2 protein chains.
Amino acid sequence: MNGVMLMNQSGAKKATMKDIAKAAQVSVATVSYVLNNVSGQTIPEETRQRVLDAASELNYVPNLAARSLIKRQSGLAGILVIRRHDEQWWERAAYSPFIDAMERELTSLGYHVVLSSLDAKAPNMAIIAERKLDAVFVLGAVQDTFHQISRHFPTGVPLVAIDSHIEDPLFYRVQYDYERAALTAIERNNQHCRFLVADRGSIDAAAQLTALLSLPTSQVLVLETEEQLQPFLARQTGDGLILNEYVGLLASRWMAPSRYTVICTAGTPELLRSLPSSSSLLFEDRKHLAALELMQSLRNDSYSGPPHKSILIRPLT
Amino acid sequence: MNGVMLMNQSGAKKATMKDIAKAAQVSVATVSYVLNNVSGQTIPEETRQRVLDAASELNYVPNLAARSLIKRQSGLAGILVIRRHDEQWWERAAYSPFIDAMERELTSLGYHVVLSSLDAKAPNMAIIAERKLDAVFVLGAVQDTFHQISRHFPTGVPLVAIDSHIEDPLFYRVQYDYERAALTAIERNNQHCRFLVADRGSIDAAAQLTALLSLPTSQVLVLETEEQLQPFLARQTGDGLILNEYVGLLASRWMAPSRYTVICTAGTPELLRSLPSSSSLLFEDRKHLAALELMQSLRNDSYSGPPHKSILIRPLT
DNA sequence: GTGAAAGCGCTAACAG
DNA sequence: CTGTTAGCGCTTTCAC
């Protein structure tokens, strides 16, 4: 009793189906049938119990790598975050709530979630193929990085791009409806919009809104560093719009919150409660759900494609 | 030419080593040798090139599931986040920067990262065994949830608990040094501490500091809902300490920021720049690095265990 | 130098 | 109803 293998506190080392089969006096096939509740196979309750008992006795846990080798599904969903070298804290913070929500949703759907940061300069999408991801969500991709994808990723993998700057109709996208948001904000407050601040994550929005509101480019700031904020705000005379609540918060240092409306793109609108006189505009909280929908219709109608290639999240009114 | 398999835009369907072997006129063994640069095997440059060419021609990507089946390593690291049903936004937000940093670190080390939210009520740690995780980082575990772990998780898996409320010396931990932080804050501002607000993620800290500062429990608030904040702060007369910068921000609505010091436990101290007169205390930004260190020494000295079971992150002075 | 062959742990026909 | 068998794609002895 000392030559035996060292056991851990849970008792056994690492049981496989073979071990269970042995213990329950059946074949591995039977074990598989029982453990997976295979329909079409009719197992007598007696045997079933024997197998089940053996399994829990041995503390059996299936090896998902082996499983996914044979089924052609890994059970893994990927969240790939494209990150630039000089990512700022408010940009990082803006992704987190979505990642969080997405992970939660996927986990509750039974997927295991792989999270991976990809260098915007050289996004290595190999993980999709290596891990045989069943579904992929890409955050913050830009046209450029997407060329890589379209060249290399295996087709048939449902891929949804979120908050991504791409035109390519090949990709399915989920994004905020910035135009509607801006119009809603302006109309609601009955004020003009004389300037616009956006983080780089919403650079497309900045372009759209600049056009929509016919703003001179000097009144538009795509924030790269925190220092740019004060001088820009200082020379504004009118009211304006700020995208990203973290940026909105920073701005409060240099300008009265009553002078701008924050369009909440960072998933943390609660933040603004600390600015009493501020006004903010929220979007429907369903970016993750929309992405999921898109993914699921992509799985089902992979031949025809889902009804619409792009989902716009609407602002709350 | 129409009976052939449908190909995707990248050319091929899904090449395996066998395909490469065929194309390069060698055996799969040779392919494996070449592709993995196996030392000890001497392959003539000519063959090597042939294999390499075939591989890139066929757009080969290894199947990591198959690989991990045979090697006993998955190449996966897990970040498991214990979440309570009534998690609040400031609690959620406090985890994100760490998850982010950890993921980045692990990714750059070559791991693929699995992120999983676990219900605090019934944390299902099966994923560790199912996916054969090479390393595991658990966030926000409580003693209770940890009993589950110690009973079921396979030994030999380096597991590090971060921001977790556990006594069990069995587990390796990384945490902030709250006592030192409080003392530093108080000494630095040369002020007394008459009250304390903490989020539930720092409930241990609250206990420690209550004792350390001999605060009456009526002067200590472990924040559960946002509404508790105003009444609590309203009845404070002295200065105090607030843990979690998001909470600190919320507090500014009800109390002058100059009256409290925020101990930044949420990884986003920049937030407080929007509160001009506030004072804050940061920790060394190495929680993730410490966790990594611990994990690595756990891998190496799995027999003896690492030098210390618990790492305390010190405040910056 | 290279390849045949034996699996890793699991599933899915197909026999019995 | 249950067991045998043939792999999934890859690594790795061990012969040739």
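Note on naming: letters A, B, ... go to the chains in the order of the sequence lines (proteins, then strands), and numbering restarts at 1 for each one. Keep in mind that this is a model prediction, so the values were computed, not measured.
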For [X], all residues meeting side-chain hydrogen bond (donor to acceptor under 3.5 Å, both in side chains), sequence neighbours excluded:
X	value
R84(A)	D86(A)
T30(B)	S27(B)
Q25(A)	none

ask   = If you take all heavy atoms of S164(A) and V138(A), which pair is closest and at what distance?
value =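 Looks like OG-O, 3.7 Å.
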request  = Examine K309(B) relative to F171(B) and say whether NZ or CZ is less than 6.0 Å from the centre of the six-membered ring and inside a 45° cone about the ring axis.
outcome  =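 Pair K309(B)/F171(B) does not count as cation-pi.
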query = Under a 4.0 Å heavy-atom cut-off, which of residues 39-55 of chain B touch DNA chain D?
reply =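 Here the set is empty: none.
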key: DNA chain D contacts made by residues 16-28 of chain B, counting heavy atoms under 4.0 Å   =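 Hits under 4.0 Å, by residue number: T16(B), M17(B).
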key: R286(B): partners by salt bridge (charged side-chain N to carboxylate O under 4.0 Å, His left out), with sequence neighbours left out   =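 So R286(B) forms a salt bridge (charged side-chain N to carboxylate O under 4.0 Å, His left out) with E284(B), E293(B).
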Checking [X] side chain against [Y] main chain: does a donor-acceptor pair fall under 3.5 Å?
X	Y	answer
S68(B)	L64(B)	yes
S74(B)	K132(B)	yes
D19(A)	T16(A)	yes

message = For DNA chain C, which residues of residues 29-36 of chain B approach it to below 4.0 angstrom with any heavy atom?
response =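 Those residues are A29(B), T30(B), Y33(B).
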key: side-chain contact (heavy atoms from CB on, under 4.5 Å) involving P97(B) - partner list, sequence neighbours excluded   =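 By the side-chain contact (heavy atoms from CB on, under 4.5 Å) rule, P97(B) matches T268(B).
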query = Do the side chains of D100(A) and R92(B) get nearer than 4.5 Å, heavy atoms only?
reply =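 Yes, at least one pair of side-chain atoms sits under 4.5 Å.
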inquiry  = Quick check: do V174(A) and M295(A) have side-chain heavy atoms less than 4.5 Å from each other?
reply    =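 Heavy-atom side-chain distance check fails, nothing below 4.5 Å.
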I need the [atom1]-[atom2] distance between [X] and [N], as an integer number of Å.
X	N	atom1	atom2	answer
L64(B)	dC8(D)	CG	C1'	15 Å
L69(A)	dC8(D)	CG	C1'	4 Å
R72(B)	dT11(D)	CZ	C1'	12 Å

ask   = Taking only residues at least two apart or on different chains, which pairs with a member in residues 29-45 of chain A satisfy salt bridge (Lys or Arg N to Asp or Glu O under 4.0 Å)?
value =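 Salt bridge (Lys or Arg N to Asp or Glu O under 4.0 Å) check on residues 29-45 of chain A returns E45(A)-R48(A).
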task = Would you work out how much the helix from dG1(C)-dC16(D) to dG16(C)-dC1(D) bends between its ends, with each end axis defined by five base pairs, to 10 degrees?
result =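 Terminal axis comparison yields 50°.
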task = Could you grab the distance from atom CD1 of I82(B) to atom CG of D163(B), nearest 0.5 Å is fine?
result =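 So the gap between those two atoms works out to 12.0 Å.
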inquiry  = Reading DNA chain C in the 5' to 3' direction, which nucleotide is the first one with an atom under 4.0 Å from a heavy atom of chain B, and which is the last?
reply    =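 Footprint of chain B along DNA chain C, 5' to 3': dG1(C) to dG9(C).
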Indicate every side-chain donor-acceptor pair of residues 111-120 of chain A with a distance under 3.5 Å to a residue at least two apart or in another chain.
{"from": "H112(A)", "atom 1": "ND1", "to": "R131(B)", "atom 2": "NE", "distance (Å)": "2.7"}
{"from": "H112(A)", "atom 1": "ND1", "to": "R131(B)", "atom 2": "NH2", "distance (Å)": "3.4"}
{"from": "S117(A)", "atom 1": "OG", "to": "R83(A)", "atom 2": "NE", "distance (Å)": "2.9"}
{"from": "S117(A)", "atom 1": "OG", "to": "E103(B)", "atom 2": "OE1", "distance (Å)": "2.5"}
{"from": "D119(A)", "atom 1": "OD1", "to": "K121(A)", "atom 2": "N", "distance (Å)": "2.9"}

